[in-house]
Amino acid sequence: MPSAPPATSTALTDAATPTDPADRGLDLSLLYRGPLASCDYDCPYCPFAKRRDTPEQLRTDRAALERFTAWVAGRRETGDTLSLLFTPWGEALVRSWYRRALVDLSRLPHVRRVAVQTNLSCRTDWLAEADPATLALWVTYHPGQVTHDRFLAKCRELDALGVRYSVGVVGQPEHLAGARRLRDELSPGVYLWVNAAEGRVYTDAEAADWTALDPHFGYSRHAHPSGGRPCRTGESVLSVDGDGTVRRCHFVRDVLGNLYDGSYRSRLQPRACPSPVCDCHIGYVHLETLPLYDLFGDGVLERIPHGW
């Protein structure tokens, strides 16, 4: 693996913020995806498996993340309330700058939630520094990449630290036995979700097997009609990339503006989805025609049903 940039402090400081009343008081969920595109796993269904970023690419990713976290800190005096989900192409938590950012962001009073998608291959002791009321993990179990015992031990560490998390698997037939064993041994308070495998059509019998593990698998089993239907993305939910480009979501490429010059704010409004269907949880969870905000409550970003 390439050497990472040298560790430096990433403590957050409040940046200068606008004082125009028209630029105050938004409640936003931001899905951040920086340049990072490397992963330590080799999943056959993932194009980023075992991909390596160069040292220069890692430095670029770190600088982009630090700019984003400084911007979040700088919104403290504007009245904005922010919920943040990191959705990296690769594995973020093996990088020190993501771990530091999550800890620092979790302690900001105007950040309601900060969550990240991860394979949990990283160490977990750093989580003791975070605010457990704010930080959460969206964890994916890859049975072909890590042993059951090693993965379960990581989950036990999260339990001991009081970290809020969900665990999920991709609904491949070869993963079913491992998923059943995991469900049996996870804490009952941990939600285990199942993502339908891309392009796979499930018989009713196959779907029943997965639904026995995840009672909400039905939402993932089929793509959801979305064209012309109202969606929260573009109004209260936004996608942000490493240079601050703001789009309504990861799956619609139209640009709404830039985070750092504030140009996106005048474009926020109720919007219908321009795509005929939506088949990814981080997209369709925001469709207003689905009851998923009621189902997940304040666990929308980390994929934990309300009251689980």
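The structure displayed is predicted, hence computed values, not measured ones.
- With values rounded to the nearest 0.5 angstrom, Thr69 atom OG1 is found 10.5 Å from Tyr98 atom OH.
- Using a 4.5 Å heavy-atom threshold, the side chains of Val116 and Leu137 count as touching.
- A donor-acceptor contact shorter than 3.5 Å is absent between the side chain of His110 and the backbone of Asp80.
- Nearest heavy-atom pair, Ala101 versus Leu65, reported as atom, atom and distance to 0.1 Å: CB-CD2, 3.9 Å.
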Full working for ring pair (Phe, Tyr, Trp, His ring centres under 6.0 Å) between Phe296 and His281: CA-CA 12 Å; Phe296 287 96; His281 178 90; 5.5 Å; yes

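- The heavy-atom pair separating Leu292 from Val300 by the smallest distance is O-CG2, 4.5 Å.
- Residues Leu84 and Tyr32 fail the side-chain proximity criterion, which asks for heavy atoms closer than 4.5 Å.
- The CZ atom of Phe68 lies 13.0 Å from the CG atom of Asp243; values are rounded to the nearest 0.5 Å.
- Scanning for side chain to side chain contact (heavy atoms under 4.5 Å, CB included) contacts around His250 gives Leu31, Arg33, Thr87, Ser239, Ile282, with sequence neighbours left out.
- Side-chain atoms of Asp241 come within 3.5 Å of backbone atoms of Thr245 as a donor-acceptor pair (strictly under, hydrogens ignored).
- In this pair, Phe217 and Trp210 present their aromatic rings tilted. The plane angle is within the 30 to 60° band.
- Atom CG of Asp184 and atom CZ of Arg181 lie 9.5 Å apart (nearest 0.5 Å).
- Salt-bridge annotation for Glu235 and Arg232: absent, with no side-chain N of the basic residue lying under 4.0 Å from a carboxylate O of the acidic one.
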Worked verdict on Arg180 versus Glu185 for salt bridge (charged side-chain N to carboxylate O under 4.0 Å, His left out): CA-CA 9 Å; Arg180 283 172 168 162; Glu185 298 185 30; over 6 Å; no

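- For the 3.5 Å distance criterion, the side chains of Thr233 and Arg248 qualify, holding a donor opposite an acceptor.
- Using a 4.5 Å heavy-atom cutoff, the side chains of Leu102 and Trp126 are in contact.
- Checking Thr118 against Glu91 by side-chain atom types alone, a donor-acceptor pair falls below 3.5 Å.
- No side-chain heavy atom of Arg247 sits under 4.5 Å from any side-chain heavy atom of Asp254.
- A donor-acceptor contact closer than 3.5 angstrom links the side chains of Asp214 and Tyr191.
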side-chain contact (heavy atoms from CB on, under 4.5 Å) between Val167 and Trp138, intermediate numbers included: CA-CA 6 Å; Val167 172; Trp138 166 324; over 6 Å; no

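- Defined by atom type and a distance below 3.5 Å, a donor-acceptor pair is missing between the side-chain atoms of Arg221 and Asn195.
- Lys154 places no side-chain N or O within 3.5 Å of a backbone atom of Asn119 that could act as its donor or acceptor partner.
- Both Trp97 and Leu105 are assigned to one and the same hydrophobic cluster, defined by single-linkage of ILVMFWY side chains at heavy-atom distances under 4.5 Å.
- Side-chain rings of His306 and Tyr293 stay apart, their centers remaining 6.0 Å or farther from each other.
- Ion pair Arg229/Glu288 not flagged as a salt bridge, since none of the NZ, NE, NH1 or NH2 atoms sits closer than 4.0 Å to an Asp/Glu carboxylate oxygen.
- At a threshold of 4.5 Å between side-chain heavy atoms, the hydrophobic network of Ile, Leu, Val, Met, Phe, Trp and Tyr places Leu82 and Leu259 in one connected group.
- Once rounded to the nearest 0.5 Å, the distance linking CG of Asp104 with CG of Leu135 reads 11.5 Å.
- A side-chain donor-acceptor contact under 3.5 Å links Ser187 to the backbone of Gly189.
- We find the CG-CD distance between Leu161 and Glu129 to be 11.0 Å, quoted to the nearest 0.5 Å.
- You'll find the side chain of Tyr284 reaches within 4.5 Å of the side chain of Ser220, heavy atoms only.
- Without hydrogens or angle criteria, Ser83 side chain to Ser29 main chain gives no donor-acceptor distance under 3.5 Å.
- Under a 3.5 Å cut-off, the side chain of Ser226 and the backbone N or O of Ser275 do form a donor-acceptor pair.
- Between Arg271 and Leu256, the closest side-chain pair of non-hydrogen atoms falls below 4.5 Å.
- Within a 6.0 Å radius of CZ in Arg112, no more than 12 heavy atoms belonging to other residues, nucleotides or ligands are found.
- Under a hydrophobic clustering in which Ile, Leu, Val, Met, Phe, Trp and Tyr are joined whenever their side-chain heavy atoms come within less than 4.5 Å, directly or via other members, Leu108 and Val240 fall into the same cluster.
- Remark: the Thr147 side chain and the Asp149 side chain contain no N/O donor-acceptor pair separated by less than 3.5 Å.
- Evaluation of the side chain to side chain donor-acceptor pair (under 3.5 Å) rule for Tyr219 yields no partner, not counting sequence neighbours.
- Annotation: cation-pi pair Arg200/Tyr202 present, NZ/CZ under 6.0 Å from the ring centroid and within 45° of its normal.
- Between the side chains of Ser166 and Trp193, at least one donor-acceptor pair of N or O atoms lies under 3.5 Å.
- For the 3.5 Å distance criterion, the side chains of Asp159 and Tyr165 qualify, holding a donor opposite an acceptor.
- Counting heavy atoms from C-beta outward, Leu295 and Val285 have side chains that stay 4.5 Å or more apart.
- Both Leu120 and Leu93 are assigned to one and the same hydrophobic cluster, defined by single-linkage of ILVMFWY side chains at heavy-atom distances under 4.5 Å.
- Thr78 contributes atom OG1, which lies 11.5 Å from atom CZ of Arg76 (distance to the nearest 0.5 angstrom).
- Taking the side chain as every heavy atom from C-beta outward, Arg265 and Leu26 approach each other to under 4.5 Å.
- Placement of Val72 and Leu85 in two distinct hydrophobic clusters is found when ILVMFWY residues are connected by side-chain heavy-atom separations under 4.5 Å, directly or transitively.
- Ring-centre distance between His148 and Phe151: not below the 6.0 Å cut-off.
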